[in-house]
Structure formats: C-alpha cells, structure tokens
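Input: a single structure, listed below in structure tokens.
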Amino acid sequence: ISLLGAAGGSAAMLCIALLTGTTNAILVRMAVRYRAWSYQELVSTALGPLAGHGVALGILLYSFGSCVAYLIIVADVAQLLLPSHEWWGSPKLWLSMAAVVICLPLSCMRSLQAFAGVSTLAIAALGFVAGVVVTRSVQQLESGTTGPGFVLLSLTSNSLRALPVFTFAFQSHIQIVPIFSEMAPP
C-alpha cells in the first residue's frame, strides 16, 4: 500500500485475489480431469514429462527462495523487536532458530495431514493480524488523522516494486492440487 496508495493497493489486492481464486479453481478441475495428485504430476500428464521435470525444478528453486525470504523476514522482525546489543537479539540467531525449530520439522512431514495443527494456528494468526489492521484503520479514520505520508493512489515507476509481494499470492498454486487430493470426498 505504501507503493500504490490505499486505493491502488486495495484494488491490486482484490485483482490478485480474484485471479488467484480463478486459477486455483482451474487447477483443481484439471487435476480431477487428469487424475493428478500433485502439481508436477498434473503438468507431466497434461504437457509431457519434460515439462513435468521443468516444473519440479522450478518448484524446488521457488520453494528454496521462499524459505530463504521468510527466514530473512523473521530475522528482520526479530531485530526490530529485540535489542540488538544482547546476544539473543542477533538476527543470525533468530534466522538459525527459525530454520531449525520451524522449517526443519515442517519440511520432514510426509503428509499434508500433519500440518492440521499448524494450519489452524496460521489461520488464527492471520485473523489476529487482520483484526489489528481493521481496528487501527477504523481508529485512524474516526480520529480524522490518516498518518504521515497517506496517499490514496500512487502510480509511479516505483509502484512496480510491489509486484514481488503480489507474486507470493500465487504460492497456493503449488499446494492446491495435493491439498485437494488429500481432502476426503464429501
């Protein structure tokens, strides 16, 4: 929102949400049609084994890059929250802790069913963050202050820097087929 403005950021998020939902629905329909249990299997069946291997390599690189990005975010946030002059405020410590305590155990799971507890926690955390954002926004609107640097719409060349953030919305595409495949039929 800081790069696109409040209206521009909201419109971009709405467009990305609609696009993500639509393409996820298409992926699920194609997975049922081709009887595929994973994203790679779907691509292999629909486009051939070479494309399947290319997608598998792309997913590997994308997953690794995403994991590194998330670890960097954890380290940056920890650095902001904790005093850096103490040994426990070191970004390297928090990066290592997040990798060993969170990422390693989660990457060793054999089935998506093992993520049930973590998924519930993630949804609760997202709900909490959404609640805080809505509450603070309403408080600012009621007080008549919009904060420093509030911009309704900003479309500059600098706005393109927001695109990588929006690409994270498409992470669900890799997981949608296995999640759908593991769901029990109604």
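Counting from 1, the numbers follow the sequence of the chain as shown. Predicted model, so just to flag it, every value in this text is computed and none were measured.
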How far does CD1 of Ile26 sit from CZ of Arg33, to the nearest 0.5 angstrom?
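Here the rounded value is 12.0 Å.
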Going from CD1 on Ile176 to CG on Leu27, what distance comes out if it is rounded to the nearest 0.5 angstrom?
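The distance works out to 7.5 Å.
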Partners passing side chain to side chain contact (heavy atoms under 4.5 Å, CB included) against [X] (at least two apart in sequence or in another chain):
X	value
Val134	Val138
Val129	Val133
Arg136	Val132, Gln139
Cys15	none

Answer yes or no: are there more than 12 heavy-atom neighbours, outside Met30 itself, under 6.0 Å from its atom CE?
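Above 12, so yes.
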Donor-acceptor pair, side chain of Ser10 and main chain of Ala7, under 3.5 angstrom
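No; judged by distance alone, with no hydrogens or angles, the pair does not exist.
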Could you pull out all donor-acceptor pairs under 3.5 Å where a side-chain atom in residues 39-50 meets a protein atom, sequence neighbours excluded?
residue: Glu41; atom: OE1; partner: Trp37; partner atom: N; Å: 3.0
residue: Thr45; atom: OG1; partner: Glu41; partner atom: O; Å: 2.8

How about Phe180 and Val32: do any of their side-chain heavy atoms sit closer than 4.5 Å?
yes
To check you understand the geometry: which heavy-atom pair defines the closest contact between Ala31 and Val177, and what is its length?
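In this case the closest contact between Ala31 and Val177 is CB-CG1, 3.8 Å.
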Exactly one of Leu60, Ile59, Leu61 should register a side chain to side chain contact (heavy atoms under 4.5 Å, CB included) with Ser63. Which one does?
Ile59
Apply the hydrophobic cluster definition, ILVMFWY joined by side-chain contacts under 4.5 Å directly or through others, and give me every member besides Leu18.
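Noted: Leu18 shares its cluster with Leu14.
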Results of side chain to side chain donor-acceptor pair (under 3.5 Å) for Ser66 - residues two or more places apart only:
Gln171
